[in-house]
2 protein chains.
Amino acid sequence: MQLSNSSKYAIRILAYMADQKDSKLMNATELAEALYIPYKFLTKIMTELVKVGLVVSIRGREGGYKFEKKTSEIMVSDILDIFNDSIKDEQCVLGIGFCNGLCKCALHDQWMEPKLLLQKMFRESSLEDIAGRGCKI
Amino acid sequence: MQLSNSSKYAIRILAYMADQKDSKLMNATELAEALYIPYKFLTKIMTELVKVGLVVSIRGREGGYKFEKKTSEIMVSDILDIFNDSIKDEQCVLGIGFCNGLCKCALHDQWMEPKLLLQKMFRESSLEDIAGRGCKI
DNA sequence: TATAATTACTACTTAAAGGTAGAATTAATC
DNA sequence: GATTAATTCTACCTTTAAGTAGTAATTATA
């Protein structure tokens, strides 16, 4: 596809958090162990999510992370944007060559179709959609 | 998406070659200049394409490259395979988590659709399809 | 107030992809 | 056979993503 590990981890983390029944504070150790993400790498990612305003961090003892926004308002594309993984450029999906509106390779139009589908999903699928199907991702 | 540069370059090179009216030998210098690909990197890629049997190289003076197979028989997926860029794994398109047939995230099925579309194109679009629309890619 | 538990920050290391250099090999042509 | 134009091979350099380490800052609780 390929998304960066940061994007994938971030989606896993946030979907996992969204899936928790009680919206208690979750700490880094807990998340890292539950999701098999290296602890230090996880905290790095969490800091990004805090900076961008998706989650809030409470520092110090008994601290942890919780959502800043409602999970139904956080779209997959918001998360991908953070790590520059969105597919929002004007070029054809594969980015093979020099295609543009005027001059395009023969596959350009065909590739537009799945591209648009993916973009649509990225924009329209919220964390709430991803989480809570009896399956931890 | 993102394909490796090697894959993208390879598709550009082969599509360009397929677009040439006369199937003359094309040399590395010519291709590199026409397609804005670093000469040395291009030759590295060409060597891969030779090894895998898509093109033949004629060494020495007046040498160059030409197709081994008919361009209508070379699929985009063949090229992606060489550089391990195909999306043929069993996981969901994003490869976010631990989805599989039994346990899958809520987006798994949605993502299957564009994934299958892309795979279909990769398999069914030949070099002949890509080339020859009055537009060099 | 001391301690333990927690996130944040800064900087480093590692691995992989992308790209480059130069010499070796091959073969047409003079 | 020598020269020259081409590909091929081996090895190296550079850049970026991924991951690690150590320490500072913060805060609840005993």
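Proteins get letters first, then strands, A, B, ... in listed order; numbering begins at 1 in each. Hydrogens, waters and symmetry mates play no part in the numbers below; they use all other heavy atoms, side chains included.
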Trainee: Using a distance-only criterion (donor-acceptor N/O pair, under 3.5 Å, no hydrogens), is the base of D:dG19 paired with the side chain of A:K44?
Mentor: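 Flag set: donor-acceptor pair detected.
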
Trainee: Please give, in whole Å, the distance from D:dT20 C1' to A:N5 CG?
Mentor: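 Roughly 15 Å, once rounded to whole Å.
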
Trainee: Given the rule in the side chain to side chain contact (heavy atoms under 4.5 Å, CB included) test, do B:L80 and B:S7 qualify, once you have shown the distances and angles that lead to the verdict?
Mentor: CA-CA 6 Å; B:L80 301 188; B:S7 280; 3.9 Å; yes

Trainee: Once you round it to whole Å, what is the distance between P of C:dT7 and CG of A:L49?
Mentor: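 The distance from CG of A:L49 to P of C:dT7 comes to 13 Å, rounded to the nearest Å.
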
Trainee: C:dT7 P sits how many Å from A:L31 CG, rounded?
Mentor: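 For the pair A:L31 CG and C:dT7 P, the rounded distance is 8 Å.
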
Trainee: Rounded to whole Å, how long is the line connecting atom CG of B:L42 with atom P of C:dA21?
Mentor: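 Atom-to-atom, B:L42 to C:dA21, this comes out as 15 Å.
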
Trainee: When rounded to the nearest 0.5 angstrom, what distance separates CG in B:L31 from CD in B:Q20?
Mentor: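 If I round to the nearest 0.5 Å, the distance is 8.0 Å.
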
Trainee: Thinking salt bridges, do A:E124 and A:K120 make one under a 4.0 Å N-O criterion?
Mentor: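 Looking at A:K120 together with A:E124, the answer is yes, because their closest N to O distance falls below 4.0 Å.
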
Trainee: Can you tell me how far the OH atom of A:Y39 sits from the CD atom of A:E33, to the nearest 0.5 Å?
Mentor: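 Taking OH in A:Y39 and CD in A:E33, the distance rounds to 10.5 Å.
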
Trainee: Please tell me which of the listed nucleotides, C:dT20, C:dG18, D:dT20, lies nearest to the side chain of A:F41?
Mentor: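 Closest of the options to the side chain of A:F41: D:dT20.
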
Trainee: Whole angstroms only, please: what is the CD-C1' distance between B:E48 and C:dG19?
Mentor: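 One finds 14 Å between C1' of C:dG19 and CD of B:E48, rounded.
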
Trainee: Which pairs, protein N/O on one side and nucleotides 6-10 of chain D N/O on the other, fall under 3.5 Å?
Mentor:
residue	atom	partner	partner atom	Å
D:dT7	OP1	B:A28	N	2.8
D:dT7	O3'	B:S57	OG	3.3
D:dT8	OP1	B:S57	OG	2.1
D:dT8	OP2	B:Y65	OH	3.1
D:dT8	O4'	B:R59	NH2	3.4

Trainee: Hey, what do you get for CD1 (A:I13) to NZ (A:K8), rounding to the nearest 0.5 Å?
Mentor: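 A:I13 CD1 to A:K8 NZ: 13.5 Å, rounded to 0.5 Å.
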
Trainee: Within this structure, what is the CG-to-P distance between B:D85 and C:dG18, rounded to whole angstrom?
Mentor: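 It works out to 8 Å between those atoms.
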
Trainee: Measure from OH on A:Y9 to C1' on D:dA17 and round the result to the nearest Å.
Mentor: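 A:Y9 atom OH is separated from D:dA17 atom C1' by 12 Å.
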
Trainee: For A:I37 and D:dA18, give me the distance from atom CD1 to atom P, rounded to whole Å.
Mentor: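 Atom CD1 in A:I37 sits about 13 Å away from atom P in D:dA18.
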
Trainee: Any donor and acceptor pair, going by atom type alone, linking the side chain of B:D85 with main-chain N or O of B:L3 inside 3.5 Å?
Mentor: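 No, because the side chain of B:D85 does not come within donor-acceptor range (under 3.5 Å) of the backbone of B:L3.
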
